[in-house]
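Taking it in order: structure first as structure tokens, then the write-up.
What you are looking at is a predicted structure, and each value in this text was computed from that prediction instead of being measured. Just so it is clear: chains get the letters A, B, ... in the order the sequence lines come, proteins before strands, and each one is counted from 1.
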Amino acid sequence: MQLNFDKITQKWQNEWTKKGLGNAESIKGKKKFYLIFAYPGVSGFLHVGHMRGYTYADIITRFKRMQGYNVLFPAGFHASGLPAIAYSVKIKKKDPATINQLKEYGLNDKQIQELEDPKNTVEFFKRIYVEDFWKKFGFLIDYRRLISTIQPEYNKFMEWQFSKLKEANLLVQKPHFAPCCPNCGPVAIDTAETDIAQGGTAETINYTIIKFKLGKRILPAATLRPETVYGVINMWLNPETELVVVKYNNEEWILCKEAAEKLKFQKHNFEITSEKIPAKSLIGKKCINPVNNQEVLILPAGFVECGIGTGVVMSVPSHAPYDWIALNDLQQNPQKIEEYKISKDKLLKLKPVSLIKTPDFGEHPAIELCKSLGLKSQNETEKLEEATQIVYRKEFHSGKLNSLYGKNEGVKVSDAKDILIKEFEQKNVAEEMYGFSEKVVCRCGTEVIVKLIPNQWFIKYSDNELTSKSKEQAKKMSIWPDQYKKELPGILDWFNDRACVRQGSWLGTKFPFDRQWVIEPISDSTLYPLIYILSKYITEGKINSENLCNEFFDYIFLSEGTLDAVAKKTGLDKKLIRQVKNDFEYWYPLDLNLGGKEHKTVHFPVFLMNHVAVLKTKDLPKGIFVNWWVVGENGKISKSKGGAVSLHNLAKVFSVDALRLYYCHIGSAHIDIQFDEKIAQKYKSILQKDYLLIEKVVKSKKSVKRKIIDDWLVETLNQKMQKAINSIDGLNLKKFSQEIYYSIPEDLNWYLKRDGLNKKLLLSFLEQWTKLMMPITPHLAEEIWHTLLKKKTLVSTEQWKKINKKTKQEVIQTEILIKTILSDLENIKQLAKINKPKKITFFVAPAWKNEAIKTVVAACKDQPDFKKAMAGWMKNPKLKKHADKSPKMVKKIISDFWKMKQFKPIAEFEILNKEKKFFEKLYNTQIEVTTASKTKKELQTKASSAMPMKPAIYIE
RNA sequence: GCACGGGUAGGGAAGCGGUCAAACCCGCAGGACUCAAGAUCCUGUCGCUUAGUGCGUUCAGCGGUUCGAAUCCGCUCCCGUGCACCA
């Protein structure tokens, strides 16, 4: 019979919802477990990747419930920031992929149009996440506690958090450079291009401007390698461009117009005048290198682009491939500069100056490399870029400054850069400039620039005390995987101050100390486990934003202030306030925060640090679980790229339980997995098979008691279940699922094969097994529990009873013996091509071989040692007469020393005699069991190969 | 640039100092069942060898630590990931 997964999934989900299984209340004295997952940004349909982590969360909480914990498993929505806005923009622009997805989901044009308002988008997806994803996957979330980061109550909560940070002196103001559209304000640059039309992969580049003197004016050259300024032998300008004059403080700069427009946003008192100068007119003139006061000739070069840097380039041919190629080009073709009236002599006199010693190169790395790569023309940009990279990297890592640097001689380039920049800035010959590695265009079509924000607010994550306290807490926490636990302290050290507010029309909480700013989405989602404590009361209407104020939060979360004062200020009933406070004290600290690997360097560190900054030590979080992704063939699956609605279909086709099992079993939680439908299908059939197996057992009418195999079943299953429990206790879901869905049914099948059929025993075993299936495949487990085992309760609310049994090793050994013999028999049958044996003889190893193993192991003590083993053998009177066999046997035992150490002899002869019937029935033939020593001469050799736990076998 | 991770059978993936030729899943091959296909079950799947065995070679490469290393350390070669106003 085919199981109707769809039907049972719905049936049990309805049942759980009806009974409110996810709802959590504090219960005095009962042990608790509080888990959250990093809530999703509200910006589109969820996909198989999101569901992976959420599913782990549900599995863990279900298991904890079974272990008798009172579990709080809430969820919320991260609505602040850009995503919802970006989504609405897509609707407005009628983006076909987005519209189609929504149509496919069943929305009509009017409903789609409503999503042009980001607030509606948030509401729309909130409902979808709950109804179509979380509930459909069987999650027992406390749905009364749902809250989003743009609700007014959350805003109040944020205001409190930031007031706490301010009190702790962790909010600071300083200048900041950030991407910005001159039209629309601040923009985000990210690879998904949520906020921009082009340039998602752009990186911010920090140039240094060196101010070359051109008469009374300044020719500002932008460079990434200010340390090479000592080796400048000429300047480059693109002769086709027109330069502008800029008044900046008391100076006058000459540079490209484009560059000036950009710099305007980064400098104060930066005024572009109407005076224009054709670049051509400067070529052939000389300017002065401000660092060493040498004269430098200005030359023409086609590779100079106005969009990059200032459009003025300093030339260091010894260390820059572009410069060398361009210079070489001119020197070989002096006629090119005839029109500029530069003497050929002067041009040819220009010689590269070497500055940096690098082990892998000679005096002029750029020249060497250009020659070896066969570079000739300025147009070979790709190769030139590559060469530039190579020289830069080599010199940066292994290069040292030479004698031209005077007191800085011998300094490593990697260190020299910062030292020299500082020196130059002090002498007022250098300035900073920011740019992008590629063109970035805003959604409005304007080019994005880097803008100076003079008074940006930061959260001071660099604070020493905060960092060290956070590291201390991290040390105490349980963190999965281990690797991340090791990484985290380093990340906390490295984590720098973070700009925590922005200006612009983004969703989020207004910054309480300056309402023009909006709190940025990473900073507003660090303490949210706290809000779930009261979100229930918010949903129920007992608390609303007007009741909330800093004093309230202080009282609840920090035990500051008095009940009376808080009641007066908030207008809330004292009983209610006390209840919220009790809830907090009951549920806190948070036991586990679960999130994807993308959170490793951003969310988790700030989550921890904000807790440390605000809460008392006893309330700090206790655990972090990081799960990796489900990737498509081309890497990460993203919400925006569709494929999300299909998750419904996946659940329908493969069943939710199979997907849940898939997530657990396909690999550890801490590797990326590639979704494979074929394999998902297999998991469905595994579940089907397990169901049928149980059905078969339950429906069998007979009941037989067979001590030997009954004992084994009890033993082995207890062992397996204990192993499974241990696995999930350590949050090793892969191992857990393997025990439950593969190993245990295998044992059950073996029991049946061995003619075990003790109904009472089986039923109690099935009961235990079904309980253990509940966390991963809850729908199937309920169905088995109810339909096959005829239970009236819900397995989701069952408790796990600890098994306190000592294992009887002998029972296990017996079955290992039988299994060994069976597989040997099959082997022999195949190799000897005997289909229907007439008679089978088992030769059990003689007792002295047991003695031999014991003696050898004892003689060796803790390490295999041939000499000691031989000596031990000879000392044992029982073994002396078998001395002729000693070398071979000792060698064998030694080679298997660690296995043999575990060896415990069992009564093989008696056991096999008892089990004769089993083999006789299986092979339909006569079985004889004998000892190896008591046999006919012609079989002696065969019989003598018998070893303990491995009888010799003869088939006729 | 900064910081991490990984290279294990045809593919995926466990193992993270001795019980490892390596769980488990997929694929492939053979067999059973079946009119047939599918499903299911059994067997095999590094090489040679064999009536159940034995031997050899192995966990990217090279060195080291150890009685003992896929597992720890160092170097080399590949591959991948995260990085702050994106969440």
All side-chain contact (heavy atoms from CB on, under 4.5 Å) counterparts of [X], not counting sequence neighbours:
X	value
K510(A)	R515(A)
F265(A)	P182(A), I449(A), K451(A)
K829(A)	E826(A), Y923(A), I955(A)
E203(A)	S437(A)

For atom [atom1], what is the distance between [N] and [M], given to the nearest Å?
N	M	atom1	result
C42(B)	C26(B)	P	12 Å
C20(B)	G15(B)	C1'	8 Å
U65(B)	G74(B)	P	15 Å
C16(B)	C62(B)	P	25 Å
U71(B)	G18(B)	C1'	11 Å
A22(B)	A69(B)	C1'	15 Å
G64(B)	A9(B)	P	25 Å
G80(B)	G31(B)	C1'	43 Å

Side chain of [X] (C-beta onward), nearest among [options]:
X	options	answer
K678(A)	G27(B), C2(B), A51(B)	G27(B)
Y742(A)	C83(B), C25(B), G52(B)	C25(B)
Q483(A)	A87(B), C2(B), C4(B)	C4(B)
V602(A)	G52(B), A87(B), C2(B)	A87(B)
E487(A)	G52(B), C4(B), G82(B)	C4(B)
E598(A)	U53(B), U81(B), A87(B)	A87(B)

Rounded interatomic separation in angstrom, taking [atom1] from [X] and [atom2] from [N]:
X	N	atom1	atom2	result
I150(A)	A87(B)	CD1	P	13 Å
Y54(A)	A87(B)	OH	P	14 Å
I679(A)	G11(B)	CD1	C1'	9 Å
K485(A)	C4(B)	NZ	P	18 Å
I671(A)	G15(B)	CD1	C1'	13 Å
D672(A)	A13(B)	CG	P	9 Å
Q674(A)	C26(B)	CD	P	18 Å
W629(A)	G82(B)	CH2	C1'	8 Å

With sequence neighbours excluded, residues passing salt bridge (charged side-chain N to carboxylate O under 4.0 Å, His left out) with [X]:
X	value
K600(A)	E487(A)
K723(A)	E739(A)
D824(A)	K950(A)
K460(A)	D463(A)

Notebook entry, point to check: What residues, two or more places apart in sequence or in another chain, satisfy side chain to side chain donor-acceptor pair (under 3.5 Å) together with W628(A)?
Noted result: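 Expected list: none.
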Item checked: Comparing G667(A) and I491(A) on RNA chain B - which has the more 5′ nearest nucleotide ->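 It is I491(A) whose nearest nucleotide is closer to the 5' end.
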Next item on the list: Could you pick out which residue, S668(A) or S823(A), lies toward the 5' side of RNA chain B when each is mapped onto its nearest nucleotide?
Entry: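 Residue closer to the 5' terminus by nearest nucleotide: S668(A).
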Under 4.0 Å, heavy atoms only, any strand: does [X] hit a base, just the sugar-phosphate, or nothing?
X	value
G81(A)	sugar-phosphate
L825(A)	nothing
A38(A)	nothing
I189(A)	sugar-phosphate
V187(A)	sugar-phosphate
P951(A)	base
P521(A)	sugar-phosphate
Y954(A)	base
D676(A)	nothing

Could you list the protein-to-nucleotides 39-49 of chain B atom pairs, N/O on both sides, closer than 3.5 Å?
residue: C41(B); atom: OP1; partner: K689(A); partner atom: NZ; Å: 3.1

Notebook entry, point to check: Once Watson-Crick and G-U wobble pairs under 3.5 Å are found, how is RNA chain B written in dot-bracket notation, 5' to 3', with | for any base paired to another strand?
Noted result: ((((((((.[[[..)..(.....]]]((((((.......))))))(((.....)))...[[[[[..)....]]]]])))))))....
Margin query: Students often mix this up, so state it plainly: with edges at 30° and 60°, are the rings of F604(A) and Y484(A) parallel, tilted or perpendicular?
Written below: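 F604(A) and Y484(A): tilted rings.
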Check: Do the rings of H599(A) and H603(A) sit parallel, tilted or perpendicular, given the 30° and 60° boundaries?
Finding: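 Perpendicular.
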Margin query: Checking T777(A) against Y741(A): is there a side-chain donor and acceptor pair closer than 3.5 Å?
Written below: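 On atom types as modelled, these side chains qualify, holding a pair under 3.5 Å.
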Check: Could you give the distance from CD1 (I189(A)) to OG1 (T204(A)), rounded to the nearest 0.5 Å?
Finding: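 Here the rounded value is 5.5 Å.
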Checklist line | Shortest non-hydrogen contact from V441(A) toward V448(A) | finding: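 Residues V441(A) and V448(A), closest heavy atoms: C-CG2, 3.9 Å.
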Next item on the list: Could you tell me whether the phosphate oxygens of U53(B), OP1 or OP2, come under 4.0 Å of any side-chain nitrogen or oxygen in K950(A)?
Entry: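 True: K950(A) side-chain N/O within range (under 4.0 Å) of U53(B) OP1/OP2.
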Note to self: Using a 4.0 Å heavy-atom cut-off to protein, can you give one letter per nucleotide of nucleotides 17-23 of chain B, 5' to 3': B if the base is in contact, S if only the sugar-phosphate is, - if neither?
What the structure shows: -BS---B
Next item on the list: Give a yes or no answer on whether the side chain of T121(A) reaches the backbone of S88(A) with a donor-acceptor pair at less than 3.5 Å.
Entry: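 Not at all, since once roles are kept as given, no pair shorter than 3.5 Å links the two residues.
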